[in-house]
**Q** 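Before anything else, here's the structure in question.
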Amino acid sequence: MRPSGDIAKHFELEIKAACVQLLGEEYDGDRNDAGERHGHGRAVLPNGDVYDGQYEAGKRSGQGTYRFKNGAKYIGHYFQNMKHGQGVFYYPDGAKYEGSWVEDQRNGHGIYTYPNGDTYDGEWLLNLREGQGVYHYHDTGSKYKGSWVKGKMESYGEIIHSNHRYQGKFINNQPSGPGRYVFDNGCEVHGEYSLKEQKREKRKEGEDASTTVLKWIPKMHHLSVDRW
């Protein structure tokens with residue numbers, strides 16, 4: 001006699017469960033008629049990571065919490081086993097990212113808090129700062145507000161300090177070209193940043209005799225003070 005459909009399905013589930021055990025992975029939760037993880041479940045992976053959340057057709061999909069053996073933790077939305085949608089990732093070094101994910105990468109708007117207390121609030125693309133965003137320096141209270149490209153300050157932006165700000169163009173995290181300093185008392189100083197060669201007084205054998213440094217060159221005829 002051939003086994004009935006229910007018995008055959010039971011055997012299939014037993015085989016799949018046995019395969020999972022052989023791989024060293026534990027799973028406790030819901031399954032669909034095909035024996036796939038479906039609904040809510042908890043899995044302990046062979047490397048010690050733990051996932052507790054929603055599954056769909058055998059893959060992490062929906063809301064869930066993934067705890068890494070190294071101390072990291074992700075709480076948020078999954079799709080096809082990838083972080084996808086809104087979620088919070090706690091890193092082992094104390095950093096935290098809260099925002100949008102696309103296919104396991106920081107993508108869209110999000111807030112990243114660094115271990116030293118600095119924060120970035122803005123747009124992301126492929127895990128890098130990209131687009132408009134604000135970087136706040138915890139130690140000084142200063143912040144950069146402007147454009148980012150591949151994780152670096154690029155194009156127009158401004159650095160805001162307690163009593164003045166600099167506005168201008170940035171290249172590779174540094175001001176470059178024309179810009180201006182604007183002070184709280186109404187004073188403005190226009191000028192430009194450029195790289196200048198500077199000779200070294202002492203150098204070791206094989207070192208260049210000069211190096212380039214970034215210098216601010218003010219244009220005095222653009223100095224202005226508003227009087228009230």
Side-chain angles (χ1 to χ4, degrees), residues 43 45 47 49-161 165-182 192-195 212 214:
L45 284 68
N47 63 357
D49 293 352
V50 178
Y51 173 75
D52 190 338
Q54 296 296 311
Y55 283 89
E56 184 176 341
K59 295 184 178 180
R60 295 186 294 275
S61 287
Q63 194 70 17
T65 298
Y66 194 109
R67 291 180 171 85
F68 296 81
K69 186 179 179 180
N70 65 3
K73 180 173 66 173
Y74 172 77
I75 304 174
H77 200 270
Y78 276 91
F79 180 71
Q80 298 287 307
N81 277 343
M82 295 180 290
K83 298 182 287 291
H84 194 91
Q86 294 297 308
V88 184
F89 198 104
Y90 299 88
Y91 295 86
D93 61 1
K96 181 181 80 169
Y97 172 79
E98 182 174 3
S100 178
W101 298 80
V102 175
E103 296 182 351
D104 260 348
Q105 299 193 66
R106 298 188 293 272
N107 218 92
H109 179 265
I111 302 172
Y112 196 106
T113 303
Y114 295 84
N116 65 355
D118 291 357
T119 60
Y120 171 78
D121 185 344
E123 297 172 311
W124 295 80
L125 180 65
L126 302 177
N127 281 336
L128 296 174
R129 299 183 292 268
E130 182 87 16
Q132 294 297 307
V134 178
Y135 191 104
H136 182 268
Y137 297 89
H138 177 263
D139 288 344
T140 63
S142 300
K143 60 184 177 181
Y144 169 83
K145 180 180 180 181
S147 181
W148 299 79
V149 177
K150 295 182 178 179
K152 296 182 178 181
M153 304 172 193
E154 293 281 347
S155 190
Y156 180 82
E158 59 178 340
I159 295 182
I160 304 169
H161 302 286
R165 65 185 63 201
Y166 173 78
Q167 300 171 333
K169 184 179 179 182
F170 288 78
I171 295 178
N172 195 28
N173 282 338
Q174 292 186 326
S176 178
R180 65 175 181 172
Y181 281 94
V182 181
E192 67 176 288
Y193 274 101
S194 63
L195 291 172
T212 55
L214 187 65

**Q** Just by distance, do the side chain of Tyr97 and the backbone of Ser100 share a donor-acceptor pair under 3.5 Å?
**A** yes
**Q** Please walk me through it: do Trp124 and Asn107 pass side chain to side chain contact (heavy atoms under 4.5 Å, CB included)?
**A** CA-CA 5 Å; Trp124 295 80; Asn107 218 92; 5.6 Å; no
**Q** Are Lys152 and Asn173 linked by a side-chain donor-acceptor pair shorter than 3.5 Å?
**A** no
**Q** When rounded to the nearest 0.5 angstrom, what distance separates CD in Gln174 from OH in Tyr193?
**A** 10.0 Å
**Q** Taking the six-membered ring of Tyr120, is NZ or CZ of Arg129 closer than 6.0 Å to its centre and within 45° of its axis?
**A** yes
**Q** Kindly compute the distance separating CD (Gln86) from CD (Gln63), expressed to the nearest 0.5 Å.
**A** 10.0 Å
**Q** Hey, mind stepping through Thr119 and His138 against side chain to side chain contact (heavy atoms under 4.5 Å, CB included) and telling me if it holds?
**A** CA-CA 8 Å; Thr119 60; His138 177 263; over 6 Å; no
**Q** Gln167 versus Val182: any side-chain heavy-atom pair under 4.5 Å?
**A** yes
**Q** When rounded to the nearest 0.5 angstrom, what distance separates CD in Gln54 from NE2 in His77?
**A** 9.0 Å
**Q** Is there a side chain to side chain contact (heavy atoms under 4.5 Å, CB included) between Gln132 and Ser147 once you walk through the steps?
**A** CA-CA 5 Å; Gln132 294 297 307; Ser147 181; 3.6 Å; yes
**Q** What orientation do Phe68 and Tyr66 show, parallel under 30°, tilted 30 to 60°, or perpendicular over 60°?
**A** tilted
**Q** Do any N or O atoms from the side chain of Asn81 and from the backbone of Arg60 form a donor-acceptor pair under 3.5 angstrom?
**A** yes
**Q** I'd like to know if the side chain of Glu98 reaches the main chain of Ile111, judged simply by a donor and an acceptor atom lying under 3.5 Å from each other, with no hydrogens or angles considered.
**A** no
**Q** Are the side chains of Asp118 and His136 in touch, meaning some heavy atoms are under 4.5 Å apart?
**A** no
**Q** Is there side-chain contact between Ser142 and Ile160, with heavy atoms separated by less than 4.5 Å?
**A** no
**Q** Hey, would you say the Tyr112 and Tyr91 ring centroids sit under 6.0 Å apart?
**A** yes
**Q** Measure the acute angle between the ring planes of Tyr74 and Trp101, then classify it against the limits of 30° and 60° as parallel, tilted or perpendicular.
**A** perpendicular
**Q** Do you know the tightest heavy-atom contact between Gly151 and Leu128?
**A** N-CB, 3.9 Å
**Q** Grab the two heavy atoms, one from Lys96 and one from Tyr90, that are nearest each other, plus how far apart they are.
**A** CD-CE2, 3.4 Å
**Q** Does NZ or CZ of Lys169 lie under 6.0 Å from the centre of the six-membered ring of Tyr156, at an angle within 45° of the ring axis?
**A** no
**Q** Let's go through Tyr51 and Tyr78 carefully: what are the C-alpha distance in whole Å and the side-chain angles of both, what is the deciding distance for ring-ring contact (aromatic ring centres under 6.0 Å, His included) to 0.1 Å, and is it a yes or a no?
**A** CA-CA 11 Å; Tyr51 173 75; Tyr78 276 91; 5.4 Å; yes
**Q** Below 4.0 angstrom, N of the basic side chain to O of the carboxylate: do Asp104 and Lys83 qualify?
**A** yes
**Q** Which distance, rounded to the nearest 0.5 Å, do you find between the CD1 of Ile171 and the OG of Ser155?
**A** 9.0 Å
**Q** Nearest 0.5 Å, please: how far is OG1 in Thr65 from CG in Asp52?
**A** 6.5 Å
**Q** Closer than 4.0 angstrom, basic N to acidic O: yes or no for Glu158 and Arg165?
**A** yes
**Q** Backbone N or O of Gln80 within a donor-acceptor pair of the Ser61 side chain at under 3.5 Å?
**A** yes
**Q** Is it the case that over 12 heavy atoms from other parts of the model lie below 6.0 angstrom from the CZ atom of Phe79?
**A** no
**Q** Can you list the steps and then say if Glu154 with Asn172 is a side chain to side chain contact (heavy atoms under 4.5 Å, CB included)?
**A** CA-CA 6 Å; Glu154 293 281 347; Asn172 195 28; 4.1 Å; yes
**Q** Are any of the side-chain heavy atoms of Lys143 and Ile159 separated by less than 4.5 Å?
**A** no
**Q** Please round to the nearest 0.5 Å and tell me the distance separating atom CG of Leu126 and atom CD of Gln105.
**A** 5.0 Å
**Q** So, Phe170 versus Tyr144, ring centres under 6.0 angstrom or not?
**A** yes
**Q** Please check if any side-chain donor atom of His109 sits under 3.5 Å from a side-chain acceptor atom of Asp121, or the reverse.
**A** yes
